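This report refers to the structure that appears directly beneath it.
These values consider heavy atoms only, across backbone and side chains, with no hydrogens, waters or symmetry-generated copies. For clarity, every value in this text was computed on a predicted model and none was experimentally measured.
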Amino acid sequence: MRKRWLGRLDAVPLSTKLVACTLVLLMVGTFGISLTIRQLVSSYLVQKTDTQLRDQAQLVYSNVDLLSSKDENENVGPNEYFMQLRDTHNNIVSTPLVPVLRNSIVSEPVLPANGSMGDVQFDKPFTAQAKVRELSSSVKADKRTMQVAQAPWRVLALEGRERGPDGTSVLKMTVYIGVSMADQIDIISTLTQYSIFVSIIIVLLGAVVATLIIQRTLLPLKRIEKTAAKIAAGDLSQRVPTAPENTEVGSLAASLNAMLARIESSFREQRETTEKMKQFVSDASHELRTPLATIHGYSELYHMQRDLPGALERADESIDHIEASSQRMTVLVEDLLSLARLDEGRGIDMTQQVNLTQQLRDAVDDLHALDTSRTIRRGRLELNAKDGNKPAYLAFKEGQFPLVTLTGDASRLRQVITNIVGNIHRYTPSDSPVEVGLSLLPASISPESLQRMPSNPQSLRYFLEAVEVGQSMQMGMNYAVFSFMDHGPGVPADRQSQIFERFYTADPSRARQKGGTGLGMSIAQSVVRAHHGFIDATTTLNGGGLTLTVILPVGPVEPQVPQPALSAEDGKAGKSDKLSKSSRQNRQGSRQGKWSHREKNKTNRSDPHSHEN
């Protein structure tokens, strides 16, 4: 029975439960208040009546003759008081005052029996029931008069003294003085009626107000229910209508919207990942099919022509084609393996100290060795703040690279720079100028947030805004920012973000001629993201072309400590120490650059990777 009753209760709508609970609370509250007020007023009226009896008892006893004669002679309404005298043995001596109501109705209190005092105590008022009798049977009393006559009495017993018949002795007597409680009962009855009437109005009004408020409050839940139904039907773009977050419904709506955004983002990422995987498999199959077809075709050609005259020369030519195709396929497979390892978080060592400045110097030397007629300028990147509607941008200032070191994988970062240099060498004219800039900039953005940003100009502008905040407040994280700015044919603005997609080539035929596979920039993006960094492609500001910008975290911004002033002699000594230290670093960097350049040439000769775009 309990389970059945609870099951039925659970089936009741929430709004009905809330309205019912509100009504129950209102009824209990109004009943309790009405009962409390009734009891308080009743007690107050009884106390007031008792006070009246004590204050006027002596006056009534002293003027009993006047009051009784007034009733008999003038016949002016009912007397308000009742009085009875008893002797020392509690025998009734006389009843000088008896109130007479309309239509000759007499109401008297029921006192202890003749000759007994019962439980009555002197000077302690008590309540006695009324005894009603009619003096004349010819006149019928009305209902109101009977109600007044039947009202109880409040009686006070006093100990009195009276002279005896001889005029000298004093006799002790018991005096009962009473007053009807008809007025008090009438007041209590009227108060009770008004309390019941007001309680009914409060309960009804509370039911209406509670219904309206509860329906209004639960309306967002109805909307949430409808939105959930649409989401269940497959429309993940639906959102729960918002409400003030300081309310329970508003907090629930905000949490649901955040959850729905995550779910939609996860589904979208899953769908994009699936589509990219399908496209990746298709592109990989297509790229591998060409060298495999070449190998298969030349193998068949060799078998067909090996018995013909001049077969040896033709065999060498077929073997050369087969070797070239196998090398291309080997490069492609190695790049695919690198991407797979990077996607799994393997194949990268993030514990090395990387001299980024030296790697960029080596890259400039490599590009100069590949294109001797190309003008290459190196320098710093400076932030030009936002001016009106013109967004902030990085300006190139020719000079020496600043010294920047960071923690990461040196070989992988060198691979990123090599891929960019290879793209410039392959896809820009050999006589077009190139600028390479490097800077260390503070930004009020975390590496995790930077890593999740898509590779597009909007993300770069957002980072530059964070740089403005970081420079003004000297807070956040230091980032190494380097850019390669060429002045070649460039890439259309609507396709610049696509160069980081796998197997993307602006011109597939030219890419194959130049050795590109469409994976170089994808590998670069994966390596940069593994370092919690960001890479982006934009249009070169002055003269057109393509600018590739890489941002890598270095470390937290350290607070600047003011240096004490130096004397002239200390300044000269410090300057001499700095010059000697700088010369040692330059000599060491020159030796490292020569060694790195030689190693780079060896790597380029032994590992002919194609890094396109």
For this session: Using distance alone, with no hydrogens and no angle criterion, decide if Arg86 and Gln84 have a side-chain donor and acceptor under 3.5 Å apart.
Result: yes
Exercise. According to the salt bridge (charged side-chain N to carboxylate O under 4.0 Å, His left out) rule, which pairs have a member within residues 184-212, sequence neighbours left out?
Worked result: Arg144-Asp186
Exercise. Side-chain contact, heavy-atom cut-off 4.5 Å: Val557 with Met477?
Worked result: no
Problem set entry | Within 6.0 Å of CD in Gln129, more than 12 heavy atoms from elsewhere | no
May I have the list of side-chain donor-acceptor pairs in residues 37-48 shorter than 3.5 Å, sequence neighbours left out?
from  : atom 1 : to     : atom 2 : distance (Å)
Arg38 : NE     : Thr192 : OG1    : 3.0
Ser43 : OG     : Gln39  : O      : 3.0

For this session: Taking atom CZ of Phe122 as the centre, report whether more than 12 heavy atoms of other residues, nucleotides or ligands fall under 6.0 Å from it.
Result: yes
Problem set entry | Counterpart residues, salt bridge (charged side-chain N to carboxylate O under 4.0 Å, His left out), relative to Arg452 (two or more places apart) | none
Seminar exercise, completed: Between Pro152 and Ile185 the two heavy atoms that sit nearest each other are CD-CD1, 3.1 Å
Problem set entry | Rounded distance (nearest 0.5 Å) linking atom CZ of Arg54 with atom CG of Leu156 | 6.5 Å
Exercise. Just checking, any donor-acceptor pair under 3.5 angstrom between side chains of Asp55 and Gln52?
Worked result: no
Exercise. Residues two or more places apart in sequence or in another chain: which of them pass salt bridge (charged side-chain N to carboxylate O under 4.0 Å, His left out) with Asp87?
Worked result: none
Exercise. So do Val240 and Arg223 actually touch side chain to side chain, heavy atoms under 4.5 Å?
Worked result: no
Problem set entry | Check: Thr95 and Met83 side chains under 4.5 Å, non-hydrogen atoms | no
Exercise. Only one of Ile177, Leu111, Val155 clears side chain to side chain contact (heavy atoms under 4.5 Å, CB included) with Phe82; which?
Worked result: Leu111
Problem set entry | Any donor-acceptor N/O pair, Ser439 side chain to Leu441 backbone, under 3.5 Å | no
Exercise. Ser237: what forms a side chain to side chain donor-acceptor pair (under 3.5 Å) with it, not counting sequence neighbours?
Worked result: Asp235
For this session: Report, as yes or no, whether the 6.0 Å neighbourhood of atom CE on Met259 holds more than 12 heavy atoms from other residues, nucleotides or ligands.
Result: yes
Exercise. Do the side chains of Phe534 and Leu552 get nearer than 4.5 Å, heavy atoms only?
Worked result: no
For this session: Taking all non-hydrogen atoms of both residues into account, name the closest pair between Pro442 and Met475 and its distance.
Result: CB-O, 4.4 Å
For this session: Grab the two heavy atoms, one from Lys131 and one from Val110, that are nearest each other, plus how far apart they are.
Result: CB-CG2, 4.0 Å
Problem set entry | Note, Thr49 side chain near Gln184 side chain (heavy atom, < 4.5 Å) | yes
For this session: In sequence, state the C-alpha distance, the side-chain angles, and the governing distance for Tyr176 and Val120, and then conclude on side-chain contact (heavy atoms from CB on, under 4.5 Å).
Result: CA-CA 10 Å; Tyr176 289 93; Val120 177; 4.1 Å; yes
Seminar exercise, completed: The reported gap from CG in Asn114 to CD1 in Ile92 (rounded to nearest 0.5 angstrom) is 4.5 Å
For this session: Quick one: list whatever passes side chain to side chain donor-acceptor pair (under 3.5 Å) with Glu108, sequence neighbours left out.
Result: Arg133
For this session: Run the numbers on Thr538 and Asp536 for side-chain contact (heavy atoms from CB on, under 4.5 Å), then give the verdict.
Result: CA-CA 7 Å; Thr538 55; Asp536 182 39; 3.2 Å; yes
Exercise. Of the non-hydrogen atoms in Lys172 and Thr88, which two are nearest, and what is the gap between them?
Worked result: O-CG2, 3.1 Å
Seminar exercise, completed: Value for OG1 (Thr16) from CG (Leu18), rounded to nearest 0.5 Å, stands at 9.0 Å
Seminar exercise, completed: Residues at least two apart in sequence or cross-chain that pass salt bridge (charged side-chain N to carboxylate O under 4.0 Å, His left out) with Asp183, listed by chain then number, are none
Problem set entry | Separation between CD1 of Ile187 and CE of Met181, rounded to the nearest 0.5 Å | 10.5 Å
Enumerate, atom names and distances included, each donor-acceptor pair closer than 3.5 Å involving a side-chain atom of residues 453-468, sequence neighbours excluded.
from   : atom 1 : to     : atom 2 : distance (Å)
Ser455 : OG     : Gln525 : NE2    : 2.9
Ser455 : OG     : Ile535 : O      : 2.9
Asn456 : OD1    : Gln458 : N      : 3.3
Asn456 : OD1    : Ser459 : N      : 2.9
Asn456 : OD1    : Ser459 : OG     : 2.9
Ser459 : OG     : Pro454 : O      : 2.7

Exercise. Would you call Leu450 and Ile551 a side-chain contact if the rule is heavy atoms closer than 4.5 Å?
Worked result: yes
Problem set entry | Salt bridge present between Arg271 and Glu264 (N-O < 4.0 angstrom) | no
Tell me which donor-acceptor pairs under 3.5 Å the side chains of residues 199-219 have, and how far apart each pair is, sequence neighbours excluded?
from   : atom 1 : to     : atom 2 : distance (Å)
Ser199 : OG     : Ser34  : OG     : 3.3
Ser199 : OG     : Ser195 : O      : 2.6
Thr211 : OG1    : Ala207 : O      : 2.6
Thr217 : OG1    : Ile213 : O      : 2.7

For this session: Determine yes or no for a side-chain-to-main-chain donor-acceptor pair under 3.5 angstrom, with His531 supplying the side chain and Ser526 the backbone.
Result: no
Exercise. Do Tyr479 and Ile445 have side-chain heavy atoms sitting under 4.5 Å apart?
Worked result: yes
Problem set entry | Shortest non-hydrogen separation from Leu97 to Tyr81 and the atoms involved | CB-O, 3.8 Å
Problem set entry | Residues in salt bridge (charged side-chain N to carboxylate O under 4.0 Å, His left out) contact with Glu159, at least two apart in sequence or another chain | none
Exercise. For Arg154, which residues count as a side chain to side chain donor-acceptor pair (under 3.5 Å) partner, sequence neighbours excluded?
Worked result: Asp50, Thr127
Exercise. Of the non-hydrogen atoms in Ser116 and Gly118, which two are nearest, and what is the gap between them?
Worked result: OG-N, 3.2 Å
Exercise. In chain order, what residues pass the side chain to side chain donor-acceptor pair (under 3.5 Å) check against Gln353, with sequence neighbours excluded?
Worked result: Thr407
Exercise. Out of curiosity, Arg262 CZ to Glu269 CD, how far, rounded to the nearest 0.5 Å?
Worked result: 9.0 Å
For this session: Please examine the side chains of Val554 and Leu440, heavy atoms only from C-beta on, and report whether any two atoms are closer than 4.5 Å.
Result: yes
Exercise. Under the side-chain contact (heavy atoms from CB on, under 4.5 Å) criterion, do Ile224 and Leu256 qualify, and how do the steps go?
Worked result: CA-CA 9 Å; Ile224 292 175; Leu256 288 176; 3.8 Å; yes
Exercise. Between OG of Ser446 and CD of Gln451, what distance do you get to the nearest 0.5 Å?
Worked result: 9.5 Å
